[in-house]
Structure formats: C-alpha cells, structure tokens
Amino acid sequence: MNSRKTVVTTLGGMIAASVLAAAPAAPTQVGFVYVSPVGDAGWTYQHDIGRKEMEKAMGGQVTTKFVENVPEGADAERVVRGLVTGGAKIVFTTSFGYMNPTEKVARAFPDRFFFHATGYKTGPNMGIYNARFYEGRFLNGVIAGKMTKSNIAGYVAAFPIPEVMQGINAFTQGMRSVNPKAEVRVIWVNSWFDPGKEREAALTLISQGADMITHHTDSTAIVQAAEEKHKENKNVYAFSYHSDMSKYGPTAQLTGTTHHWGAFYTRTVKEVLAGTWKGTNVWGGFKEGMIQLAPLNKAIPADVKALVQKEEKAMAAGKFHPFAGPVVAQDGKIKVPKGKTMTDAELGAMDYYVQGVASTLPKK
Amino acid sequence: MQPSLLSSILFATIVAGTPLIIAAVGELVTEKSGVLNLGTEGIMSMGAVAAFAVTVHTGNPLLGILAGMAAGMVMGLIFAVAALTFMANQVASGLALSIFGVGLSAFIGKPYESVALPSVAAWNVPGLHRIPVLGHAFFEHQGLVYFSWALLGGVAWFLYRSRLGLVLRAVGEAPVAAHSVGYNVVRIRYMAVLFGGGMAGIGGAFLSVFYTPLWVEGMVAGRGWISLALVVFATWRPARVMVGAYLFGGCMITQMFVQGSGMHLNVPSQFLSALPYAATIIVLVLISHNKNTIRLNSPASLGQPFSPEA
C-alpha cells in the first residue's frame, strides 16, 4: 500500500516536472469587446473572424476571450476592466462608443495595452485603428454606375457621422466617374440595426426607381430585399457591406465592401509581445488588406470587371484616391480643387453630400 | 402625388403595422381580464425564432406560424404560473419574461443565423386587388395581414357582443364580484394570458418569416414595447389599436419616402425617425382626451393579483 503510493507520487511528480519543463511561458491573454452579437454577418462578425485568425497565427502564444453585445457607455468600462483584472494583457474594443471607457481603463492600467477601433483618442498604451471603407465604396459605385438602367441608386444609411458620409460620397463619386447622369438617394433609418426598418427603406428606394441599392447598417435585409425583387423579375442589384452576403442574394449581390482585421490583429499582438509596439494610429485600406471587395458577380460585364480591378490596384499602390479633386459639394462649392487630394483630417470631418446625391442632408 | 406612389405608401404602411396589431390585440385581451403582461417583447422574440426554425425545417410557413403561436403560449403559461398561481408581482414578472425571452431566443436562434428563407408569396384577393390604387394597397398582401384584420374584428365582436367577452371584462373590472357569482377568475385570466401570448408569438412569426425572412438576434427591435404602448394609448379599444398601429407604420414609411424623394426638408432625420412615436402618442391622446372614456375602458383591476381564498 505504502510503496504503491510512493510510486504513484513519484510518477506524478515526474510527469508534472516534464510537463512544466516542456511548457513555454504561459500564453498571453487577449480580450475583445464587441458591440453586437457575433452573428453570421456584419461588423462584429468580421472582427470575430479577425480574432480567430490572429489566435491561429499566434500558435499557442495567446489565448483570446471576447464579450459580445456590450452596450456603449458605463457598462463598457466595467467589461474592459473585467477583462484586464481577469488577466488580459491586450484588449481590443471595437466600437466608437467604447472610446472614453477604453481610455479611462488604459490610464488605470499603464502596463496593459489597449486598441480602440474607429476612435481618435490615443495614449502611451492605447492605439487606434480603422479601415478606409470608402475605397471599396468607390468601386461599388463604379459598378453601379455602369450597370444601372434607371440612373438611380439607393443608399440606406444609419447615422450622419463622417464615416457614413464618406461611404455615401465615395459611392457617388465612383458612380459619377463612369456615369455623369447617375444620382444617389439616401434614407437615414437612425438605427444601426433594425432589419424591418432597413428592409422598408430599401423597398422605398426601389419603388422610387433605384435599381442599385447598398447600405450602411448591420443586417442582411437589404441584400435579401433585392434578391426578392429579382425573383419578381425586376433587375435590382445590391452591394453588401461589412461581410460578403452573397448567400442571401446569390443573384442580386454584385459585390460588396468587406472588412478584414485578422492581419492587423496578428501584427499588433506580435509587436506588443516583442516589445516593439509604438503608439499607432492605423487607417488601412486595400493596400493593408483591411478591406476587400466581395467576390464579383457573374452579371458584371468583363470590361467593368477589368476597370474595377485596375482601379483597385491603383488604390492599393497609392496612385488613385476616391477623393482626388475636383470634389464638388452638392451646393456647387468646390471642396477639393483639381490636382489636390483630400487629407485624412478632411475625410474625418466630412459633413456634406457631394454633387450627385439627390437627397437633402437632414440638418443636425 | 402619383397614384402608384400613394398605393406603395399605403401598402408598406399596412405591412409595417401588421405585427403591431397582432401583438397589441393579444395584449389587449390579456389586459381586459385584469392582467398586465409586460413580456410582449420577449414573447415576440420567442415566437419569431420558433416560427423561423420550424419554417426552415418543414418549408411550411403555416406550420411556422403555429410554432410561433405555440412558443408564445408557452411563454404566456410561464408568466401565468408566476403571476396568477403564485401571485408574483405582474410588472416584475412581465419585465423578467421580456429579458428572458430576448436572451433565450438568441440562444436558440444561434444555428439559424446563417439561414435564409425564401419569401412567402402574397395572396391577392380575387377581384378586389384589381381596383386601381387601393387594390394593391389593401388586397395584395401575405396571409397574415388579412389575419390581423380578422383578428381585430373577431376580438371586437368577442369583447362587446359575446357572453364570454362580457365575463372576461367583468373579471377585469371586478374580479371579486365575478368570483362571487361563480366565475373562475384565475382560469379565465389564464386563458386570456395564453391568448395574448399566442398572438404575440404570431406577431413575432410575422417578422421572421413574412416581413424580413431572416433570423437575427434582436430583430424584434422594440416592436413588443410599441404594441404595449399602443394598447394604453388606444384606451383598450380594438379599433383604436388599429388606428395607432397604422399611424405609426404610416409615419415611418412616409418619412422614408420623403427622404428618398430628395424633397427639401429642413428638419433633422432623427426628428423624422421620432415622428411615428410622437404622432401616435399625440393622436391617441387627442382621441381619448375625455377622462371618462379612459376611466370606462381601463380595466379596474389591471395589474392587481386575485386570490379566490382571500
């Protein structure tokens, strides 16, 4: 009895010792805070894909944790704090409203690292990141301009903030670059997520003549609405946003602007672990791979496809900018003269429609 | 205004109002029996996910509606057991049911988030749908729209013309008196709560299977709360529930048409988005400004527990 016990203890000790010797340093914990449920498509879904890609690329060096559906505000601070006190060394917060809570926690924990998406406040241990979605929007607009029969495109928009304005204007610039007769109509639903309302807005735009629709809201409803119209033999096409939504509109979705965060997450985590991270403000587009076009639909003619691919390459190479002058506001004022390109600061403060948008911007 | 534009606005208004009518009429019956069930948002979410799941597996939207109704009734039963048998606080139980339903539906719905359903075809009323303008607006809808009208008529008849409806109202007005003349108050309230739950479930089914054929967490997006408010503002009158629901839907749709048309408007879009709520409240307050009608229509025992032993 006694001897057996000794054997077991010894064996156990040997196994434990060998495991300890073989194990590398404990993996670093990386936390993510999401504004909505992960779901099957959309903003948070794309971030979660990025998280998984990063985890895979880092081998066993990190473990990740995420909290979904976190309201923007006081709750967010509690969640970020909870992740940090729970052992997270790096935290990514992925919505604009997390900016102040993230900054607060970052000040309280100077030895941890924080990264906030779509904000503007930075710190010694806090970086920010975002993507140049407008680059993809411009190319969607080019396709829309070439393929529209009615010369009307519809845009379902969430809130009149610069990021959404950039999208509307880039789409319009793209459309008008190939079709000067084209116009874009906008409906604001004042909600990031209400499939019923988004669908109504899309159907409204279609009944007002739009045969190209896109959206800056979170659900798949407008791609689905276009697909239904297709079944009624009306040629209405859609451009998805955030994710590829071709599953919901195999005929109707021409392409879309999709987000890709995996490479950025991997690079950032690697830099932090290696101690080489220096305060960053990352705003990446096609060049950095942070945005891509969803697969192009067969319905797009070959010459349009070639044009889009050419312009995508030019943008990635930095030779072409959707807001290269002349950029003319809706009221005729020249915002960017010919030969100049809009600066990032101007892009970040965009609060007007460009020429070609048929709707009136609601007053703030 | 072009006739086709008018008819599209009317058409969209009716569709937008339909889930509100179905859920609100169910809640109206519940409240008429003296029970306040604030769980509508949660019940609608459960109805939506159940209907979606069953429609995906069977390919039959009718079975989906039945599943939505069944899920709603189960939710109603949970509430009834807590609030009527164990006499828990009705407000608290209803709020808990809402939170529970929204959360549970998200959990159940996870595997269905990637699934797309084909849209359900409309059923045109023979003959009537050929009427210019109004034909498209009123008679080219999916089945549940006609159901919402039948439901309204049926409930109005039931409450004010049938014997059982009289009993139900008596239970809501004076449960002690109803009990003393031999009516089983708790059983009648159970039935009213189950009916309300079933209708809220169908309202949810309309959203996930007919309106936007998809399931995503949070897709009821506050419509349960709006239907609860409609019942109060309509001073517990079925016809006014319909007025409120269509007014709400109509304002939402019209402001979208205005925005899309490029008409020059010097008001913030946020104000336009708030308009349906404001307009509905104002109109319903105006039509019920007479204090007597409110006092006459509001069930006297609303929200108060009743125990036959007491």
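Protein chains get the first letters and strands the later ones, always in sequence-line order, with residue 1 at the start of each.
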Roughly how far, to the nearest 0.5 Å, is [atom2] of [Y] from [atom1] of [X]?
| X | Y | atom1 | atom2 | result |
| --- | --- | --- | --- | --- |
| B/S119 | A/K229 | OG | NZ | 9.5 Å |
| A/D40 | B/Y112 | CG | OH | 14.0 Å |
| A/L205 | B/S261 | CG | OG | 10.5 Å |
| B/I253 | A/T204 | CD1 | OG1 | 5.5 Å |
| B/M256 | A/W188 | CE | CH2 | 13.5 Å |

Heavy-atom pairs under 4.5 Å with chain B, option from A/A210, A/G209, A/G196, A/A221 with the top count: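 Highest number of heavy-atom pairs under 4.5 Å: A/G196.
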
Just give me the residue among A/V38, A/V186, A/V357 that pairs up with chain B most often, heavy atom to heavy atom, under 4.5 Å. A/V186

Closest heavy-atom contact between [X] and [Y]?
| X | Y | value |
| --- | --- | --- |
| B/G260 | A/S359 | O-OG, 4.4 Å |
| A/F193 | B/E217 | CE2-O, 3.2 Å |
| A/G39 | B/E113 | CA-OE1, 3.0 Å |

Can you list everything that forms a side chain to side chain donor-acceptor pair (under 3.5 Å) with A/N190? Sequence neighbours excluded, please. B/S269, B/S273

Report yes or no: does A/Q224 contribute a side-chain atom to a donor-acceptor pair with the main-chain N or O of B/P213 at less than 3.5 Å? yes

Determine yes or no for a side-chain-to-main-chain donor-acceptor pair under 3.5 angstrom, with A/E200 supplying the side chain and B/A16 the backbone.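 Such a contact is absent between A/E200 side chain and B/A16 backbone.
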
Check against side chain to side chain contact (heavy atoms under 4.5 Å, CB included), A/R185 and B/Q259: CA-CA 8 Å; A/R185 297 179 175 208; B/Q259 285 196 44; over 6 Å; no

Region of A/E68 in contact with chain B, defined by heavy-atom distances below 4.5 Å: side chain

Using heavy-atom distances under 4.5 Å, tell me whether A/A201 contacts chain B through its side chain, its backbone, both, or neither. both

Can you confirm whether B/F257 sits close enough to A/S207 that some side-chain heavy atom of one is under 4.5 Å from a side-chain heavy atom of the other? yes

Between B/R223 and A/D194, does at least one N-O distance fall below 4.0 Å, as a salt bridge requires?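 A salt bridge is present here (some side-chain N lies under 4.0 Å from a carboxylate O).
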
For B/M252, is it the side chain, the backbone, both, or neither that has a heavy atom closer than 4.5 Å to a heavy atom of chain A?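 Just its side chain gets close to chain A.
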
Proximal component of B/V115, with respect to chain A [non-hydrogen, under 4.5 Å]: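 Just the backbone, heavy atoms under 4.5 Å.
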
From CA spacing to verdict: side chain to side chain contact (heavy atoms under 4.5 Å, CB included), B/T212, A/E198: CA-CA 9 Å; B/T212 36; A/E198 292 166 42; over 6 Å; no

More than 12 heavy atoms of other residues, nucleotides or ligands under 6.0 Å from NZ of A/K181: yes or no?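 No, not enclosed.
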
